[in-house]
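Everything on this sheet refers to the single structure shown next.
Just so you know, these numbers use all the heavy atoms, side chains as well, and skip hydrogens, waters and symmetry mates. Small disclaimer: the values here were computed from a predicted structure and weren't measured.
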Amino acid sequence: MKSEDTPFVDGPLDGRVLPILLGPTGHPPKVYRVPVPDDAGGPPTVLVYRRVRSAGARWRYEFDPEGDKGSGLKWPWSKQGPR
């Protein structure tokens, strides 16, 4: 498979450039999740980075501190009721 060196901005991976596998369209994934093990043996923390356009035709990942909140498909039948 083909990969592309992609820079990471903000968050714990700020300034790093990692080889990211490209999909069938030649683009890296829209969301990149990095599981970080918990030192106490609990569930891992997942860092979420979102793909954005960089200079030219390149991509970069920006840290999303809110994680997976507000991502994914929004189906009409999955709306939350009144609070």
Side chain to side chain contact (heavy atoms under 4.5 Å, CB included) between V36 and L47: does it pass, once the steps are laid out? CA-CA 7 Å; V36 179; L47 304 175; 3.8 Å; yes
Any V48 side-chain heavy atom under 4.5 Å of V31 side chain: yes
Salt bridge check, E62 against R60: does any charged N sit closer than 4.0 Å to a carboxylate O? yes
How about F8 and F63: do any of their side-chain heavy atoms sit closer than 4.5 Å? no
Could you tabulate the donor-acceptor pairs under 3.5 Å formed by side-chain atoms of residues 12-28, not counting sequence neighbours?
{"unit_1": "D14", "atom_1": "OD1", "unit_2": "D10", "atom_2": "N", "d": "2.9"}
{"unit_1": "H27", "atom_1": "ND1", "unit_2": "W59", "atom_2": "NE1", "d": "3.3"}

Decide side chain to side chain contact (heavy atoms under 4.5 Å, CB included) for T6 and Y61; before the verdict, give the C-alpha distance in whole Å, the side-chain angles of both, and the deciding distance to 0.1 Å. CA-CA 7 Å; T6 309; Y61 283 103; 3.5 Å; yes
